[in-house]
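Comments concern the structure below.
Computation of the quantities below employed the complete heavy-atom set of this structure, encompassing side-chain atoms and omitting hydrogens, waters and symmetry-equivalent molecules. Whatever order the structure lists ligands and atoms in, that order sets their numbers, starting from 1.
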Amino acid sequence: MRIDLLGIFPDFFTTPLNEGIVRRAREARILDIGIHNVRAYATDRHQMTDDRPYGGGEGMVMKPEPLAACLATVPPVAGKRRVVLMSPRGAVFSQRRAQEYATFDQLVLICGRYEGVDERFTMRFVDEECSIGDYVLSGGELAALVIVDAVCRLLPGALGCADSAEKDSFSRSLLKHHQYTRPPEFAGVAVPEVLLSGDHAAIARHRFVESVRITLARRPDLLSGLLLSQEESRLLRKEGLLTAVEEAGARHAPSLA
Ligand code: ADE
C-alpha cells in the first residue's frame, strides 16, 4: 500500500514515520510513504498557501491552486485510491474506517491548516473528509499520522505477531482485556492465576469475560455492535453479565445448527 501526505509542514512527519511499526513496514516495503510540500506549489513570490476568506471573518483559508497543483504531482498507484481531507468536519475515524482504508492501494491524506480549505478544492479533488475526534487541532498533520499508524498495523505482515491486530481493542466491539508481564507479583498485586495455568481455553474465556466487564464499565456504547456466539452467551450468563450486555444492545449470532 502507498500513503501520500500533503501539507505545508512536511518535517512534521519525519520522526513519527521513521519509528516503530511504521518504520518496519516501510523497510519491508509493505507500506510506501510519499511526503509532499504544498508550499512548493505556491505560485506567488511569497509562496503563499493561504489567503483571507471571501465574506470576511476570522483567520485564513488555504488557497485551492497550490493544493491542486501538489496533488497533481502525486504518482498514481494502480488499483483503489482515495483522497481524504483531514478536517474536524469529517466523519469520525474508527477502527472500522481503518480496516476499510487498509484495503486501498493508495491513500492520499491532505492536511489543512488555518480556518479551512477553499471548498472548490474539496469539491473537485477530495473523496471524503475525515476527523479524528470532536476537537480542533492546529492542522491535519497529527490527524493524518493517526490514520497512517492505525492503517499500517492492519497491513498483512506489518505486525510481528500475525493475529495481534485482530485482538486489538475495537476489532470486535470490545475493549482489550488487561495485560500482565513478569514479575508474577508487583506492588502487592499478583497476576491472575489462570494466566499462569497454561490452559489456553481457560485463558481465552477469562480474557473474554474481562473484556466484556471492562467494556461494560468504560464504553457500554460499543456493545451494541457485539455479536455473541452461543458459547459466549453461556459464559456471560454464568458470570451474571448476560443481561447487562443484552441491555447494552449486544445480539446473539444465529446458531449454525
Ligand atoms: N484538523 C483540525 N482538527 C482536526 C480533527 N479533529 N481531525 C482531523 N483533522 C483536523
Open item on the list: Counting only heavy atoms from other residues, nucleotides and ligands, does the tally under 6.0 Å from CD of Glu27 exceed 12?
Closed with: yes

TODO: Please indicate whether Glu193 has more than 12 foreign heavy atoms, meaning atoms of other residues, nucleotides or ligands, lying under 6.0 Å from its CD.
DONE: no

TODO: Quick one: list whatever passes side chain to side chain donor-acceptor pair (under 3.5 Å) with His178, sequence neighbours left out.
DONE: none

Using atom types as modelled, flag every donor-acceptor pair under 3.5 Å from a side chain in residues 236-249 to any protein atom, sequence neighbours excluded.
unit_1	atom_1	unit_2	atom_2	d
Glu239	OE1	Arg213	NH2	3.1
Glu246	OE2	His252	NE2	2.7

TODO: Return yes when atom CZ of Arg52 has more than 12 non-hydrogen atoms of other residues, nucleotides or ligands closer than 6.0 Å, and no otherwise.
DONE: no

Could you go through ligand 1 and note, for every N or O atom, any protein N or O atom closer than 3.5 angstrom, writing the atom names and distance to 0.1 Å, or 'none'?
unit_1	atom_1	unit_2	atom_2	d
ligand 1	3 (N)	Leu137	N	3.0
ligand 1	6 (N)	Gly133	O	3.1
ligand 1	6 (N)	Tyr135	O	2.8
ligand 1	7 (N)	Ile132	N	3.0
ligand 1	9 (N)	Ser87	N	3.1

Open item on the list: So, using side chain to side chain contact (heavy atoms under 4.5 Å, CB included) as the criterion, who are the partners of Ala201 when residues are at least two apart?
Closed with: Asp199, Arg205

